[in-house]
Amino acid sequence: MAAQPVDRLARAILYVEIGLTLFCLLLFSNALVGPLFAPQTADGVAESESAILRLIWPPVYAVVLLLIGVRVTRLMRILPALFMIGLLVGLCFASTYWSIAPDITSRRTLAVGMTSLFGLYLASRYRGEQLVQIIALAFAVLAAGSYFVCICVPHLGIHDDINAGAWKGLWYEKNQMAAMMVLGFIATCASAYISPERRKAWIGLAVMIFLLVLLSRSKTSLLACLASAGAIPVLIALQRGGILSVIFVWLAATAAMISCATFYIAPDAVFKMLGKDPTLTGRTEIWASLMRLSDKHPWLGYGYKAFWTPTSVPASVVRAETHWEVPSAHNGWLDLLIQLGWIGVVLFGTVLAIGFFCALFRFARVKDGFFSVLILMLFSFLIMSESFILSQNSLIWALFVCALARLTANETET
């Protein structure tokens with residue numbers, strides 16, 4: 001009889017913990033954060049400087065610290081990732097000493113540290129079916145909210161500017177929603193794979209989320225979504241082994257080689273098919289300007305998150321050369337180069353390479369390996385056009401950290 005109250009208390013604590021985890025997932029997605037509290041910008045600069053947002057994030061960080069504190073011993077399971085992410089965040093903190101905007105660097109280092117801690121918490125606290133389905137549930141809520149806003153409050157959920165008609169849902173602009181929904185698509189597909197008893201429900205949600213990607217009109221995210229869908233049968237075959245895995249790997253390698261050859265032989269045709277001009281909407285001009293500026297601080301950069309501030313002199317040079325208010329490099333690797341120099345680029349590249357190397361040996365042995373590999377692949381694709389590397393208060397970065405930690409975990413049984 002005495003055990004029943006204890007069991008009920010333990011169950012209540014578990015539900016509270018899951019609820020707080022969902023709360024953090026939703027907040028780090030930045031759903032409604034930009035449109036409500038920083039509606040004047042899409043680049044994240046004003047959003048990060050909003051006084052209201054500075055009041056919103058401390059309670060979120062407090063929840064993250066509470067969750068970590070309760071399960072701190074479980075961090076021993078993910079020591080490799082803890083060490084690697086610690087090095088990256090440590091480099092961000094060290095850049096305060098040479099940053100051109102040390103106050104912003106120190107403040108945003110705290111933010112990326114908390115974001116990374118949440119990703120590490122997810123990887124150490126949850127695993128397998130539980131991890132993937134909690135994340136998928138959060139995206140189900142975000143997708144439902146996006147449908148509600150677009151249908152019932154269209155002036156908030158649908159663009160009426162140059163992207164008129166494109167859905168942006170709970171986010172400031174269409175590309176933000178599309179990137180989030182690609183993550184949701186991966187999470188729901190992975191849930192359908194590892195949870196057969198709820199497979200129909202998860203497949204239905206995956207279709208709803210894919211429709212949001214289509215309605216966003218984001219070609220990059222649509223390509224990422226289709227690539228993820230194409231990778232799913234390959235990963236399933238690899239997990240099962242046998243002749244089927246050999247056939248799928250051969251097909252995937254052949255498709256990759258054909259794609260690369262097509263781009264090399266006829267790049268203009270590829271750009272036209274994607275609806276892009278050869279300069280990638282002026283991005284090549286930004287990249288050329290940034291490479292010239294990076295030569296002035298090649299090894300250490302200008303400091304973490306210091307380059308694109310409103311008063312930044314080097315950023316004003318880029319904007320003057322390109323003749324528009326450039327908000328970011330539109331390339332994760334270049335943004336990292338101007339922030340933390342070649343030391344930062346090499347360090348992150350090493351971390352990413354270790355993640356993929358470990359994936360070769362571990363993804364088939366852990367239930368959430370299927371999900372983690374897809375997240376790693378998606379992140380590697382997205383950072384070619386977006387500045388997600390070490391992005392503070394970002395669910396994309398938190399899930400990358402989580403996936404990296406799961407694939408490099410030193411658990412003997414998962």
- Residues Ser312 and Ile100: closest non-hydrogen pair is OG-CD1, 3.9 Å
- Value for OG (Ser216) from CD (Glu173), rounded to nearest 0.5 Å, stands at 9.5 Å
- Query: Looking at CD1 of Ile383 and CZ of Phe388, how far apart are the two atoms once the value is rounded to the nearest 0.5 Å?
  - Reply: 10.0 Å
- Message: On a heavy-atom basis, which atom in Ala166 and which in Lys174 lie closest, and how many Å separate them?
- Response: CB-CD, 3.7 Å
- Message: Please report the interatomic distance OG(Ser99) to CG(Leu340), rounded to the nearest 0.5 Å.
- Response: 9.5 Å
- Query: Are any of the side-chain heavy atoms of Thr21 and Arg125 separated by less than 4.5 Å?
  - Reply: no
- Note on the structure: In terms of heavy-atom contacts, Lys305 and Leu390 come closest through CE-O, 3.9 Å
- Task: Begin from the C-alpha positions of Cys402 and Leu131 and carry the test side chain to side chain contact (heavy atoms under 4.5 Å, CB included) through to its verdict.
- Result: CA-CA 10 Å; Cys402 175; Leu131 170 66; 4.0 Å; yes
- Could you grab the distance from atom OG of Ser380 to atom CG of Leu376, nearest 0.5 Å is fine? 5.5 Å
- Message: Below 30° counts as parallel, above 60° as perpendicular, anything between as tilted: where do the rings of Tyr97 and Phe93 land?
- Response: perpendicular
- Determine, stepwise, if the pair Phe356 / Val373 fulfils side chain to side chain contact (heavy atoms under 4.5 Å, CB included). CA-CA 8 Å; Phe356 276 111; Val373 169; 5.6 Å; no
- Note on the structure: All heavy atoms of Pro298 vs all of Leu337, minimum pair found to be O-CD1, 4.3 Å
- Item | Non-hydrogen atoms of Leu407 and Cys358 that approach each other most closely | O-CB, 3.3 Å
- Message: Does atom CE (Met384) have a neighbourhood of more than 12 heavy atoms from anything else shown, all under 6.0 Å?
- Response: no
- Message: Just to verify, which of Trp98, Tyr302, Trp342 counts as forming a ring pair (Phe, Tyr, Trp, His ring centres under 6.0 Å) with His297?
- Response: Tyr302
- Item | Considering all heavy atoms, the nearest Ser218-Ala178 contact | CB-CB, 3.6 Å
- So, do Val213 and Trp167 sit near enough that their side-chain heavy atoms are less than 4.5 Å apart? no
- Would you mind reporting whether Gln339 and Ser95 have side-chain heavy atoms less than 4.5 Å apart? no
- Item | Atom pair CG (Leu222) and CG (Leu215), whose distance is rounded to the nearest 0.5 Å | 11.0 Å
- Task: Report yes if some heavy atom in the side chain of Ile56 is under 4.5 Å from a heavy atom in the side chain of Leu27; otherwise report no.
- Result: yes
- Heavy atoms, side chains only, cut-off 4.5 Å: are Leu110 and Trp57 in contact? no
- Message: Less than 4.0 angstrom from a charged side-chain N to a carboxylate O is my criterion; do Arg406 and Asp368 meet it?
- Response: yes
- Item | Ser124 side chain to Leu75 backbone, donor-acceptor under 3.5 Å | no
- Query: Do the two ring centres, one from Phe348 and one from Trp333, sit under 6.0 Å apart?
  - Reply: yes
- Task: Report yes or no: do Ser116 and Trp397 form a side-chain donor-acceptor pair below 3.5 Å?
- Result: yes
- Message: Testing the 3.5 Å rule here: is there a donor-acceptor pair between the side chains of Gln392 and Ser394?
- Response: no
- Message: Pair Glu386, Gln176 - check side chain to side chain contact (heavy atoms under 4.5 Å, CB included), show working.
- Response: CA-CA 10 Å; Glu386 301 293 341; Gln176 292 175 337; over 6 Å; no
- Task: Verify side chain to side chain contact (heavy atoms under 4.5 Å, CB included) between Tyr304 and Ile104, making sure each step is shown before the conclusion.
- Result: CA-CA 8 Å; Tyr304 175 67; Ile104 291 177; over 6 Å; no
- Task: With the side chain counted from C-beta on, respond yes when Ile135 and Phe371 share a heavy-atom pair under 4.5 Å apart, and no when they do not.
- Result: yes
- Query: Atom CZ in Arg217, atom CG in Asn175: separation rounded to 0.5 Å?
  - Reply: 12.5 Å
